Each structure stands twice: as structure tokens, then as C-alpha cells.
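Heads up, the thing below is written out as C-alpha cells.
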There are 4 protein chains.
Amino acid sequence: MELLDFLIHFGVTSDLAAEAHALLRGATKREVPGVREDKETYPQAQVTTITILNQEGARALGKPVGTYITIEAPELLRENPPAHEEIAKILGQKLSLLLDKWKIGKSDPVLVVGLGNWQATPDSLGPKVIGQFTVTRHLFKYAPQSLPPGAHPVSALAPGVLGTTGIETAEIIKGVVEKTRPRALIAIDALAAADLRRIGTSIQISDGGISPGGGIGNPRQNLSRENMGIPVIAIGIPTVVHAGVIVYHTIQLLQQEIPEAGFKLNRSLAEKLTAQVLAPFGGNLTVTPKEIDDMIYNQAWVISQALNQALHAALLASGAALPLH
Amino acid sequence: MELLDFLIHFGVTSDLAAEAHALLRGATKREVPGVREDKETYPQAQVTTITILNQEGARALGKPVGTYITIEAPELLRENPPAHEEIAKILGQKLSLLLDKWKIGKSDPVLVVGLGNWQATPDSLGPKVIGQFTVTRHLFKYAPQSLPPGAHPVSALAPGVLGTTGIETAEIIKGVVEKTRPRALIAIDALAAADLRRIGTSIQISDGGISPGGGIGNPRQNLSRENMGIPVIAIGIPTVVHAGVIVYHTIQLLQQEIPEAGFKLNRSLAEKLTAQVLAPFGGNLTVTPKEIDDMIYNQAWVISQALNQALHAALLASGAALPLH
Amino acid sequence: MELLDFLIHFGVTSDLAAEAHALLRGATKREVPGVREDKETYPQAQVTTITILNQEGARALGKPVGTYITIEAPELLRENPPAHEEIAKILGQKLSLLLDKWKIGKSDPVLVVGLGNWQATPDSLGPKVIGQFTVTRHLFKYAPQSLPPGAHPVSALAPGVLGTTGIETAEIIKGVVEKTRPRALIAIDALAAADLRRIGTSIQISDGGISPGGGIGNPRQNLSRENMGIPVIAIGIPTVVHAGVIVYHTIQLLQQEIPEAGFKLNRSLAEKLTAQVLAPFGGNLTVTPKEIDDMIYNQAWVISQALNQALHAALLASGAALPLH
Amino acid sequence: MELLDFLIHFGVTSDLAAEAHALLRGATKREVPGVREDKETYPQAQVTTITILNQEGARALGKPVGTYITIEAPELLRENPPAHEEIAKILGQKLSLLLDKWKIGKSDPVLVVGLGNWQATPDSLGPKVIGQFTVTRHLFKYAPQSLPPGAHPVSALAPGVLGTTGIETAEIIKGVVEKTRPRALIAIDALAAADLRRIGTSIQISDGGISPGGGIGNPRQNLSRENMGIPVIAIGIPTVVHAGVIVYHTIQLLQQEIPEAGFKLNRSLAEKLTAQVLAPFGGNLTVTPKEIDDMIYNQAWVISQALNQALHAALLASGAALPLH
């Protein structure tokens with residue numbers, strides 16, 4: 001009974017492809033077919049690129065075909081502005097890379113959506129980013145003179161969450177995409193990891209699509225290229241771990257510590273235990289560190305900087321200073 | 001040169017039909033053709049219903065044909081919970097009246113949109129209401145057993161403002177309406193009045209459509225039955241007055257005080273003065289009282305209560321207690 | 001190795017005396033000397049009053065001598081306004097009871113402090129309450145005519161948290177108490193429970209003092225009658241469970257399920273496991289439900305109503321409607 | 001009847017010494033005795049230093065003896081991060097200058113207070129700054145190893161406003177100063193200007209003390225060296241203009257435009273007009289631009305950066321990265 005397997009059973013997958021891949025390789029002790037892994041090292045970050053090449057790889061990792069780039073940067077968890085600037089720069093470069101992969105030109109319109117709930121801090125990353133980077137779509141109509149040639153029309157939306165709107169997030173976004181016709185969708189979300197050490201230290205950027213609210217236990221309709229009709233680039237940072245992960249780690253450590261006890265903890269028992277421990281709130285329980293507000297504040301800053309760098313190169317180069325919103 | 005006229009020149013109309021009507025009658029000293037006014041008195045409120053009957057009335061008041069109900073309730077500005085409950089009840093009844101007028105049945109789906117900017121207190125009324133009343137649309141799919149027969153599927157959206165999204169609010173809403181097919185739209189917004197005494201003391205509910213951000217100086221695309229394809233009911237409370245109103249009142253009082261001075265203040269001079277005084281920030285300047293946060297808090301509570309009473313009569317009667325969002 | 005014991009070892013006590021008492025009686029299968037328990041039943045609530053009579057009881061429960069009243073009301077977790085009103089009324093009565101116990105007269109000044117961090121939703125209960133109930137202290141100086149005879153001078157403070165201020169919360173409050181000389185302190189805080197089912201369903205009101213941030217792992221200086229020099233009444237609602245509780249429950253269930261395995265899970269092993277699982281973030285990890293924002297919203301409303309009822313009886317009876325803040 | 005005079009009559013002084021000085025010199029057409037003015041020019045800012053040398057100057061400008069530095073930087077009102085960084089640097093240098101003037105050593109404890117109301121956007125600058133710069137006082141006790149030699153113990157407080165707390169802000173701060181014994185107080189506040197063009201474009205830093213809520217019409221107890229017993233450095237940015245300023249400008253322009261009309265607008269008439277126009281809300285009416293939220297966001301960032309640069313030079317030089325709050 002491996003973590004990945006176990007978590008999937010409880011509807012709790014890791015949102016991080018790099019994590020899923022490491023778990024799977026750890027379990028099987030061999031390469032995963034249909035998956036390629038590349039690594040780069042920067043002074044402030046380790047970057048792992050998982051490429052899911054085909055359906056075999058997709059099945060193995062439980063994620064669609066696509067590129068999944070994970071930037072591991074522990075300094076995100078500390079008050080270290082110079083490191084944060086460097087991390088933002090790496091993220092901006094990776095975003096440019098994926099935009100290029102999908103042939104999104106310098107002046108193609110782009111819609112950025114901030115998923116999640118701004119009133120619940122651990123889930124507020126997406127909405128916090130909206131409003132912090134530069135939105136230009138309306139300026140093409142109302143203040144074209146303030147824009148340099150080759151500027152991206154960038155729009156933004158914080159659609160809210162199902163519990164507050166009563167509408168699947170994917171439906172809202174699809175409606176806005178059909179009305180405003182962007183060429184690409186960038187989705188920002190707080191993620192769930194399968195390891196506490198991932199919280200606040202890893203950024204994932206991918207073109208494999210994203211399921212709003214997905215990692216925290218309620219898979220809904222997907223934000224994917226198939227559903228949206230345009231490329232979808234997702235940027236996410238783990239801010240929580242499902243409480244089931246704590247149950248699993250405890251069981252796993254017990255197995256290591258008391259192997260001689262003939263202690264045969266099988267899968268069905270593990271599932272029974274987990275179901276009992278997590279019964280309240282329908283198991284919709286998440287584990288977060290107490291410093292969640294500062295963590296989210298820094299993460300939103302890094303992502304906003306990266307968006308500006310990748311989407312507004314022409315603007316930044318022109319030295320134009322836009323009016324406030 | 002009358003206030004209404006003057007304000008229109010500066011793109012600053014009053015959002016309140018009752019106020020526009022009173023200004024017009026005051027100016028012309030006679031009945032306005034195509035407009036009917038009815039009054040009711042409640043212990044905590046004076047209710048004025050302006051019915052714009054035809055295009056003649058529409059032209060005169062600068063508002064579309066429709067019913068405009070204004071609830072004047074000065075206790076909204078004080079810490080007086082029993083009065084607030086009574087005001088919410090009146091508003092709920094008027095909302096039911098308009099839903100009936102448009103033949104919105106008890107189980108017809110309804111979308112509530114909260115216009116405005118949650119990060120700028122004077123403009124945050126709409127988004128503050130979203131999340132405070134009961135949303136049920138998703139429960140029909142995910143928890144139908146929690147709903148009594150005859151429940152309204154109610155959904156909600158806080159679309160943001162043009163400066164933050166880069167997208168006209170009407171476009172976002174139209175996209176979501178087309179995807180989710182409600183039978184009626186209820187729009188909540190902070191309004192601009194033409195009289196400081198209206199701030200926080202009047203609630204207007206109407207079916208004449210609403211222009212997001214309109215009253216505060218930047219008329220955009222309209223939320224109207226024509227544009228949306230479904231009836232639109234707007235609920236608004238004035239939270240600001242355009243700064244031009246202060247200029248106008250000053251000029252008007254001077255005219256009254258020094259008539260003998262041969263002081264002939266004509267319209268073109270008034271316009272010149274106003275343009276000079278309000279030059280900074282492109283004239284986008286609003287006047288608000290300092291207690292704006294408590295004011296908005298109470299207003300959002302009253303509107304949320306009224307929404308629950310008008311939309312969830314079956315639920316309330318059944319005694320069902322819904323899960324949290 | 002019992003839960004209470006285990007949790008104390010990890011610096012994680014339950015903030016709820018009723019819970020600590022139940023755990024202790026469950027463990028020892030007998031009455032706890034120096035502790036009395038009384039129960040009352042209301043339509044929407046079960047009320048348990050734990051009286052810690054002497055030092056023996058205090059040592060046993062790990063809490064100071066005093067009265068600890070727990071209102072268990074599961075409807076707090078649902079959208080059920082009539083039930084919430086009833087719960088607020090019970091809480092108001094219990095607050096009046098404790099104020100009477102300490103001979104706080106109708107016109108004695110009272111300071112209410114909202115502990116916690118308004119930027120981290122699970123810890124924002126205290127600050128959210130501040131600003132929602134009626135503050136009158138300044139009106140005695142600036143608007144005495146608006147107050148009926150016998151009104152309480154009520155003041156309020158949201159002091160922030162150590163990580164944001166760099167100052168122990170107790171120091172800030174002590175400074176303000178010395179300057180403003182209230183006769184009693186009422187402290188509102190989000191609590192940590194030792195059982196997931198307590199989250200959002202129990203309210204504790206006590207005069208035994210409170211340790212800001214205490215239940216979530218970092219015991220600091222106490223808000224107690226000894227330290228403050230005036231009676232301290234604490235009102236708290238559990239909004240989180242320490243992640244160690246999940247580890248413990250998992251171990252406990254394993255012991256029940258595999259007793260025959262000769263599986264000897266002793267205390268030192270349990271501690272080792274817990275330390276390993278919770279190593280990241282120095283163990284400062286909390287478990288919360290996803291609906292945390294709506295939960296806190298309702299809780300803040302209930303506590304604010306109770307404060308108004310207990311502190312402003314004269315005002316409410318007089319029908320006076322105060323100006324907004 | 002000059003603006004300064006007129007405003008003072010309505011309890012509305014400009015919070016900006018540079019503005020008061022310019023008004024006064026404009027009115028008298030000669031130097032103001034007891035006041036010195038120096039100017040510096042930077043690429044992104046004009047810096048005016050007003051030194052009020054003695055009681056004569058203090059009486060003339062209506063401000064205490066002290067140094068008042070105004071940084072005029074129109075780019076604060078635009079999305080221009082490189083300019084904002086430069087402005088932050090200038091502000092940090094001026095803060096260091098004033099700390100040096102008062103002989104605040106590198107390791108002397110400093111308390112930063114954020115005045116204002118975080119729930120009302122135009123008044124939220126102070127509280128928004130709190131939590132964005134680095135607080136270290138508690139680390140000396142709980143994590144001394146993370147601090148380099150010569151670090152400042154910095155603490156912070158957002159005390160709230162009179163209407164919410166019922167306590168004079170100066171009383172709260174005095175209580176905390178007496179408990180925690182800082183060597184200097186730095187107070188951040190949103191200011192009121194007497195000219196719309198000052199909004200969002202000027203930063204004032206001074207050691208003349210500050211009156212919480214003062215500029216917006218309700219002078220209370222002062223935060224001054226006399227009251228607090230330690231040097232007080234105030235940093236403020238105008239975010240509003242009192243509505244009386246609009247009335248005054250209108251009257252003033254009318255006088256210019258119709259001098260020949262024999263139009264004798266004397267002071268008592270002007271006062272009568274203003275009182276009538278501003279009667280609602282007791283005259284507590286402020287004028288703000290609509291983009292207030294982005295404006296405050298940028299201003300809080302600039303001030304936080306400046307605080308870190310002036311207070312944490314040793315930390316920044318050491319390259320230490322502190323834990324999150």
C-alpha cells in the first residue's frame with residue numbers, strides 16, 4: 001500500500017507531478033514509462049521538469065499528458081526579498097517557455113484566473129494574485145496611448161468557489177472565455193501536497209490542466225485545453241496537506257518501527273482507520289502551518305512579479321508607467 | 001441650470017429615480033408626463049414607487065421604463081438591529097413583488113451578482129453581500145436531500161471591476177448567464193446619490209436595469225433585460241456622492257444668498273468652475289462619510305436578509321438548516 | 001498513555017475544560033477530585049459547567065481554579081439563523097452570570113479584547129468580533145446624551161499576535177488596562193480542541209484565564225486575574241485541532257484494532273513517531289475544515305450578539321439607537 | 001479669508017507642513033519668521049524640508065517645532081515599480097536622518113504604530129503597513145541565533161480607531177510604550193491634504209508629532225514627544241481631502257471669476273455656506289479618488305520597504321533571512 005495509491009483511494013492526490021513521480025519511482029524502484037524527468041539547479045532553486053509523454057505516463061502519474069515544472073525554493077518560506085526576486089524571475093522564464101510552446105504571441109490576449117476563496121486564508125492565493133499584476137485589456141479600448149506596441153491584452157478574474165457561487169468554477173470561466181476570446185488561460189491556485197515539507201516551498205507550473213479545488217478532495221470539472229478550447233497554464237503552490245497524509249505517515253512509520261511485531265497492517269485496515277479518524281467534516285480537513293498569512297503574502301508577490309515579467313516584457317522595456325486600476 | 005441637468009452634463013446622474021423625479025418636479029413645478037409616483041408609510045420607512053410608464057417618462061428622468069422603489073429608512077445609519085430587521089422585511093417584500101411581476105416562479109433559477117470592488121470599502125457593498133445569503137444551485141446536484149420541494153436554485157457571483165479584470169462587468173455576467181441559464185438576474189451595487197443626505201439612508205430596488213460603475217462617473221455596458229435576455233432586478237444603496245455635487249450645492253447656495261448682487265452665475269461659468277475644481281484624478285472623486293465601514297456592514301446584512309426571505313421562503317418554512325458553504 | 005497526557009507532552013492541551021474533564025474521567029474511570037460537573041439541556045444546546053474547586057482539581061485538569069461553561073450546539077455549523085439567535089441568548093446569559101459572580105455592576109467599565117490574527121482565517125475569530133458589537137466608552141465623553149442611565153462603558157481592542165507585533169499579547173493588554181482602568185476583561189479567542197468534532201460546535205466561557213495562542217502550541221504569558229489585576233472572562237470557540245491529535249488518534253485506533261499482534265506501542269515510541277511526522281514547521285501545524293470562513297463568520301455574529309445582550313441591557317431596553325462607530 | 005485660516009475654522013488643517021507653508025507664504029507674500037525651507041531634487045522626487053525653528057514659526061504654521069520633510073513623487077500614483085523602489089530609498093534615508101537626529105542607536109528598541117482603520121480603505125494605510133515590514137523584538141527572546149549583532153529590536157502595533165475601540169489611540173500607545181519601553185516611536189497614518197493634487201503623490205516624514213485622526217476633522221490627544229516621553233517620528237501620505245476644501249475652492253474661483261459683480265463674499269457668509277453644504281454626517285465627509293485600493297497598496301509597500309532599510313541595515317547586510325512571522 002503506497003502513499004500515492006492510498007491517497008487516490010481517499011480522493012486525495014498530490015497536485016504536484018514531481019511529487020507523484022518521486023513517490024511512484026520510490027515505490028516501484030524503476031523508471032516510469034512515458035515519463036521524462038529533467039533537473040536544473042539555480043542558486044535559490046532546484047527545478048524539476050516532468051514531461052508526461054503519452055497516455056501510459058498519464059495513467060501512471062494520474063495526470064494528463066503535459067509539461068510539469070516544479071521550482072523548489074525553500075527561501076520562499078523565509079523573509080528574504082532578494083531570494084524571492086530571483087525565484088520570481090525563474091518562474092517568469094518558465095511561464096514564457098510554456099507560452100512559447102503553445103505559440104502564444106507577444107500581443108495575443110491572455111486571461112489570468114485566480115482560483116480559490118479569498119475569505120479563507122489557506123485557499124486565498126489565487127484571488128490574492130488578482131489585482132497585484134498589471135491588467136491591460138481594457139486600456140486597449142480606454143487608454144491605448146498608454147500602451148507601447150506589442151503589449152499583451154491581459155485580463156483577470158477571481159471566479160470564487162462552488163460553495164459561495166453555486167456554480168462550477170469551470171462553467172464561469174468557460175462563459176467568460178467564450179465572451180472575451182483569450183488565446184490562453186493562466187490559472188493560479190493553492191495546491192495540496194502529499195508531504196508537509198512541500199508546503200510553501202515548491203511552485204508548480206504546468207500545461208496539463210487543473211481541477212479547481214481538486215487537490216483538497218473535491219474533484220470537479222477540469223480546467224483543461226479540451227474543456228476550454230485554449231491552452232491552459234496552471235501555476236500553483238502547495239499551501240495545505242490533506243489530513244489523510246498525517247494518518248498515512250503515522251501508519252507508515254509504525255510499520256517501519258515495529259516490523260518484527262508481525263504487525264500486518266493491510267490496506268483495508270488502513271482505509272478503515274483513516275475513514276474513522278477523518279469522519280468529521282466529511283473528511284474535508286486540511287493541515288496548514290500557523291504562519292499561513294505571511295506565506296500566502298509572499299507567494300502572491302512572487303507570482304505577480306512573474307506574471308508581469310512574462311506578460312509585459314514590452315511594457316517593462318518601454319519604461320511606461322500605467323495608471324492605477 | 002438645475003442640478004439634474006448639471007449633473008448629467010458632468011456624467012454624474014443620480015442613481016435614484018425618486019431623487020431624479022423630485023429634482024425634476026422641483027425644477028418644473030409640475031407633474032412629469034409618463035411617470036407615476038406612489039407613496040407608502042411604514043414605522044421605519046417611507047417607500048416611494050416611481051413607475052416610468054413610457055418613453056416620454058424615460059427621457060424625462062434619464063432612466064429606462066420600469067418600476068423604481070425607494071425605501072427611505074434613516075435608521076439604517078444607526079446601530080438599531082430591530083429597525084434593520086424591519087427594513088430587511090420591507091425590502092424582501094418588494095423583491096418578491098418584482099419577481100412576481102416578471103413571473104419568476106418559486107423554483108426558477110436566479111443569479112445574484114455583487115457589483116463593485118471588495119478592496120475599496122465605499123464600493124464593496126455588492127461583493128460583501130455575496131457569501132452572506134444562501135446559495136443553493138449546487139445543492140441540487142451535490143446534496144438534493146437537504147432541500148425542501150419548491151426551493152429556488154440560487155447562484156451568486158462577484159465579477160470584480162473593470163480596472164481589476166480588464167473586462168466589462170456586463171461581458172462577464174453575460175458569459176455566466178449564457179452558461180448557467182438563470183431565469184432572472186439580481187444585481188447588488190453601491191450607488192451614487194445627488195444629495196449627501198441620501199448616503200446610507202435609502203435603498204432602491206428596480207427592474208429598469210443598472211449600469212455597473214455608472215453612477216460614479218464611468219457609464220459602461222448596461223445590465224438590462226435587453227442585454228441579458230432575462231429580467232434584471234437591481235438593489236442599490238447610495239454610499240457616495242460625486243464631488244461635483246458639492247461644487248453645485250455651493251454655487252446654488254451662493255445664488256440664493258447674494259441674489260441682489262446682480263451676480264449672474266450662468267451655466268457655462270458653473271461648468272468651468274467645476275471642471276477646474278475637479279481636475280485632479282480626471283474628476284473621478286467621490287465624497288463619503290468616515291463611518292463607511294460600519295455603514296456597509298449594516299447594509300450588506302439587510303440586503304442578505306431580504307434575499308433569503310424572498311428567495312428561500314420554502315427553505316425557511318421547512319425549517320431546513322443548510323450546510324455551510 | 002492517554003490523549004491528555006500525550007498532548008501535554010507535545011505542548012498541546014485542549015483549551016476546553018469539558019473535554020479535558022471527559023478525557024480524564026474516561027482514562028481513570030472515576031470522579032476527578034476537586035472538580036464538579038453540572039449539565040443543562042436547551043432545545044439547541046447542551047451546557048456543561050465544570051467547576052474547578054481547588055488546586056487538586058486544577059492540577060488534574062491542567063487548568064486554573066474557576067468556572068468553565070461549555071455550550072455544545074451543533075447547529076452553529078449550519079446555516080440556521082434562528083438556532084444561532086438562541087445560542088447567542090444562552091451565551092449572553094452565561095456571560096451575565098460570570099459578570100455577576102465577579103460583582104461587575106451595570107455601569108462598571110469593561111474591556112473586550114479580540115485575540116488572534118485577522119489575516120489568518122482560522123485564527124481570526126477574536127479580531128472579527130471587535131467592531132461588530134457596541135462600544136460605548138468614548139460616548140461618555142463625546143456623546144453622553146446618546147446613552148441611557150446605567151449604561152456600561154465598553155471598550156475594545158484587537159492587539160494582534162506576537163509574530164506580527166513582536167510584543168507578548170499580555171503585555172499590550174496589561175498596558176491598556178493600566179491606562180484605562182476597566183473593572184473586567186473579556187477575551188475572545190479561537191481555541192484548539194483535542195477532538196475534530198468539537199470544531200465549530202462548542203463555545204466555552206470561563207473565568208479561569210486564557211493563554212493567548214496557548215492551545216495551538218506556544219504557551220506565553222497568561223491573561224489571568226493574577227496578571228491583569230481584574231477578573232478575566234474568556235469566550236472561545238475551537239476552530240482547529242493540533243495535527244498531533246490526528247497522529248494520536250491513528251495510533252490509538254491501531255492499538256484497538258490489532259491488540260493480539262503483541263503490538264506494544266509504548267509512550268516513547270508514540271512520541272518519536274509524532275515528532276517525526278510533525279517535524280516540518282516545528283510542529284506548528286493545525287487541522288481545519290475547508291468551510292472555515294463561513295464558520296468564523298457565524299461564530300463572530302453569535303459572540304457579538306451575546307456581548308450586546310450582556311453588556312448593553314440598559315441600552316437595548318431604552319430603545320436608544322447609537323450612532324455608527 | 002485664506003484657505004489655511006478657513007480650514008482651521010472648520011477644524012480641517014492640512015496635515016502637510018509644506019502645504020501649510022506654501023499657503024501661508026502665498027497669502028502673506030513674504031517669508032514666515034521662525035520657519036526655514038530647503039529643497040532637494042531627485043530623479044523621481046522633489047524633497048522639501050520645512051524646519052519650524054521656534055514658537056513663532058509653530059504658531060504661524062499651526063504645527064509644533066520640528067523637521068517636516070515632504071517627498072513629492074507623482075509616480076507613486078502609477079504602476080511603476082522601479083520608481084517606487086527609488087522613492088522607498090529616499091524615504092528610508094530621511095527616516096535614518098531623523099533617527100540620527102534623536103540619537104536612536106542601531107540597537108535601540110523602536111515601536112512602529114499603524115494608525116487608522118483597516119476596514120475603511122481610505123484610512124487603512126497604517127494598519128496595512130503593520131505586518132509588511134520585519135518585526136524582531138520577540139526574536140531576541142525566542143530566536144536570538146537568527147539575529148546578527150547590532151540588530152534593532154523592532155515591534156509593531158495597529159491600535160485601531162476611537163470609534164471601534166472606545167479608547168483614545170494615544171492612551172493605547174502610551175500604555176504599550178510604558179510596558180515595553182521603546183526608545184523611539186514611528187507612527188504611520190493616512191493624512192488629509194488641503195489640495196486634491198496632493199492625494200497619493202506626497203509623503204511627509206516629521207518629528208513634530210501627530211494627532212491620530214487629526215487631519216480628517218477630529219483632533220484628539222497628540223502623539224508627541226511630550227506625551228509619549230520618547231521621540232515620535234510620523235510618516236504619512238495624504239489619501240483624502242476634507243469635503244470643505246471643495247467648497248472653499250469653489251468660492252475662491254467664483255471670487256476670481258466675478259470680481260466686478262460687486263460680489264462681496266465675506267468670511268461669515270463662506271462659513272455659513274460651508275456649514276450648510278456639509279451639514280450631513282456632522283461634516284465628517286472626505287473626498288477620495290476611486291482607485292483608492294491600488295493607491296494604498298503601493299503606498300504601504302513603499303513605507304514598508306523604507307522601514308526595513310532604515311531599521312534593519314545590519315540584518316540586510318548580514319544576508320540573514322528571518323523566519324516568517
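Since this is a predicted model, take the numbers as computed values, not measurements. Within every chain, numbering begins at 1; the chains are lettered A, B, ... in the order of the sequence lines, protein sequences first and strands thereafter.
- For D:Ile173, no part lies under 4.5 angstrom from a heavy atom of chain C.
- Residue C:Arg225 places its CZ atom among 12 or fewer non-hydrogen atoms of other residues, nucleotides or ligands, all under 6.0 Å distant.
- Here NE2 of D:His138 is found 7.5 Å from OG1 of C:Thr165. Values are rounded to the nearest 0.5 Å.
- Between C:Glu171 and D:Thr180, the closest heavy-atom pair is OE2-CG2, 4.0 Å.
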Show your working on side chain to side chain contact (heavy atoms under 4.5 Å, CB included) between C:Thr164 and D:Val135 and close with a plain yes or no.
-> CA-CA 7 Å; C:Thr164 303; D:Val135 166; 5.9 Å; no
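- Between the NZ atom of D:Lys179 and the NZ atom of C:Lys179 there is a distance of 10.5 Å, given to the nearest 0.5 Å.
- Only the backbone of D:Pro159 comes within contact range of chain C, with at least one heavy atom under 4.5 Å from a heavy atom of that chain.
- Of the atoms belonging to C:Leu111, it is side-chain heavy atoms, and not backbone ones, that fall under 4.5 Å from chain D.
- Contact of D:Glu178 with chain C is made through the side chain alone, with heavy-atom distances under 4.5 Å.
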